[in-house]
Student: 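Pasting a structure below so you can have a look.
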Amino acid sequence: MKILVINAGSSSIKYQLIDMDGEKLLAKGLVERIGSSSAQLTHKVNGKAVEVKRPMKDHSEGLELVLKMLVDKENGVISSLDEISAIGHRVLHGGGKYGEATLVTPEVMKDLKSFIPLGPLHMPANIQGIEACQKVMKGKKNVCIFDTAFHATMPDYAYRYAVPYAWYEKYGVRKYGFHGTSHEYIAKELAKEMGKDISQLRIISCHIGNGASVAAVKYGKCVDTSMGFTPLEGLMMGTRSGDIDPAVVEFIMDKEQENVVDVLNALNKKSGLLGVTGISNDIRDIIKAKEDGDDRSRLAIDMFCYSIKKYIGAYSAVMGGVDAIAFSAGTGENRADIREQVMDGLDYLGVAFDNDENNNFVRGVNYKISKDSSKVAVYVIPTDEEMSIARQTKAVVERA
Ligand code: AMP
């Protein structure tokens, strides 16, 4: 069975075609700048890239080009679109209603449209991606994989905010959590790697990329996560502030004579590592600047690692202990120095961190970075959201 995975952004479509027999990636690519005259498709097969530049007025045109490429004589990987069994779509928000991957029906589409206020940047693009597939590949099954779904098992006392009750009842103001597809993949992969059943493990999953979040996964179910009503809450990130006192918003509006949209934009796009360093949101640039003596870069890294450590402590408390911790995503998978700083001083939890293994880790594979004697296993687990989407799509299609 071959599954096409689609991740549609406002002007882009990321895609992967995966053969589920052997879970093999056949092709992947990206359509960028959709809606402009300089749109571009980059299609990759076995690491070899092909580029096509041409104007594309909407997502349907972008998708048509992708499909043409998939069956192309020279660069294609299938002989006919009939080989594609179903399409799995990454969807930002399940609005607290969808706790698992769901087959697209007219009713689901209606619900997705009603979730637009909860994700005004991503939801319209996700919907366009599905509509493009419905138009261009008539009759194929489409499945939504929600970024919030894995967090649907959080207890009410974890996901509710202590705000006027009516805000929740009228508008759904609560913690939803994001990166769910990634946290689910990481937790399952970690349990598999440890040779244990996930139902026996208390796991803290750290997805540390430009966007960053931590999830507490107790016996297979998410019980808390650091992102909130939007991805702004929680850890310090590449450009997002993470947790702050909301009173700062009005204070800065007043001082800088800005409106609320400007201040929220600054909290989402000009804060975090970028805001503190004034140099970059990329951890590589910041570590280099720190090594060159830049004290704001030292401060940003200390704040970043401290915020991850704080959530690890909080989540081990809420789960009554922790059996395993996983590091994942761009920074979590690649930066031994950040992992070391986060784990420093966590011996009290029963962590025996292995600095040698941490420094000698192998990129791109599951890798243990704690000693055999450690009560808490610590691993690097490369995340693979597309594979997770493909697996869930297959499961939904087989059930349907
Ligand atoms: P992501 O959002 O998961 O793509 O992660 C982005 C972050 O990961 C950036 O801060 C990058 O500096 C970091 N990163 C990605 N790849 C590497 C790498 N090969 N070595 C070091 N850092 C990396």
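Just so it is clear, the structure is predicted and the values come from calculations on it, not from any experiment. Whatever order the structure lists them in is the order used to number ligands and atoms, beginning at 1.
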Student: Could you find the nearest protein heavy atom to atom 17 (C) of ligand 1 and give me its residue, atom name and distance?
Tutor: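 Going by distance alone, atom 17 (C) of ligand 1 is nearest to Asn334 ND2, 3.3 Å.
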Student: Any Lys/Arg nitrogen of Arg298 or Asp295 sitting under 4.0 Å from an Asp/Glu carboxylate oxygen of the other?
Tutor: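 Between Asp295 and Arg298 there is a salt bridge, with a charged N closer than 4.0 Å to a carboxylate O.
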Student: Please check if the distance between the ring centroids of His93 and Tyr98 is under 6.0 Å.
Tutor: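 When the ring centroids of His93 and Tyr98 are compared, they turn out to be at least 6.0 Å apart.
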Student: My understanding is that we take every heavy atom of each candidate and find the minimum distance to atom 14 (N) of ligand 1. Doing that for Ala329, Gly330, Gly238, which one comes out nearest?
Tutor: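 The option holding the nearest heavy atom is Gly330.
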Student: Number the atoms of ligand 1 from 1 as they appear, then name those within less than 4.0 Å of a heavy atom of Gly209, with their elements.
Tutor: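 Selected atoms, number and element: 1 (P), 2 (O), 3 (O), 5 (O).
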Student: Please indicate whether any nitrogen or oxygen in Ile208 is less than 3.5 Å from any nitrogen or oxygen in ligand 1.
Tutor: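 N/O-N/O distance under 3.5 Å: no.
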Student: Can you find an N or O of Thr331 that's nearer than 3.5 Å to an N or O of ligand 1?
Tutor: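 Looking only at distances, the answer is yes, because the N/O contact criterion of under 3.5 Å is met.
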Student: What protein heavy atom is closest to atom 11 (C) of ligand 1, reported as residue, atom name and distance in Å?
Tutor: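 Nearest protein contact, heavy atoms only, for atom 11 (C) of ligand 1 is Asp282 OD1, 3.4 Å.
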Student: Given side-chain hydrogen bond (donor to acceptor under 3.5 Å, both in side chains), test Asn126 with His89 step by step and report yes or no.
Tutor: CA-CA 8 Å; Asn126 296 161; His89 295 266; over 6 Å; no
Student: Does Arg202 make a cation-pi contact with Tyr315 (under 6.0 Å, within 45 degrees of the axis)?
Tutor: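 Cation-pi check for Arg202 and Tyr315: fails.
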Student: Pick one: which of Thr331, Asn281, Thr239 meets side-chain hydrogen bond (donor to acceptor under 3.5 Å, both in side chains) with Asn210?
Tutor: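 Exactly one candidate clears the test, Asn281.
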Student: Under 3.5 Å between any N/O of Ile283 and any N/O of ligand 1: does that happen in this structure?
Tutor: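 N/O-N/O distance below 3.5 Å exists for this pair.
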Student: Any luck finding a side-chain donor-acceptor pair between Glu357 and Tyr367 under 3.5 Å?
Tutor: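 Short answer, yes.
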Student: Do the side chains of Leu273 and Phe304 get nearer than 4.5 Å, heavy atoms only?
Tutor: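 Counting from C-beta outward, Phe304 and Leu273 do come under 4.5 Å.
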Student: Answer yes or no: does an N/O atom from Asn210 fall short of 3.5 Å to an N/O atom of ligand 1?
Tutor: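 Yes; the residue has a nitrogen or oxygen that sits under 3.5 Å from a nitrogen or oxygen of the ligand.
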Student: Can you tell which part of Arg335 has a heavy atom less than 4.0 Å from ligand 1: side chain, backbone, both or neither?
Tutor: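 Side chain only.
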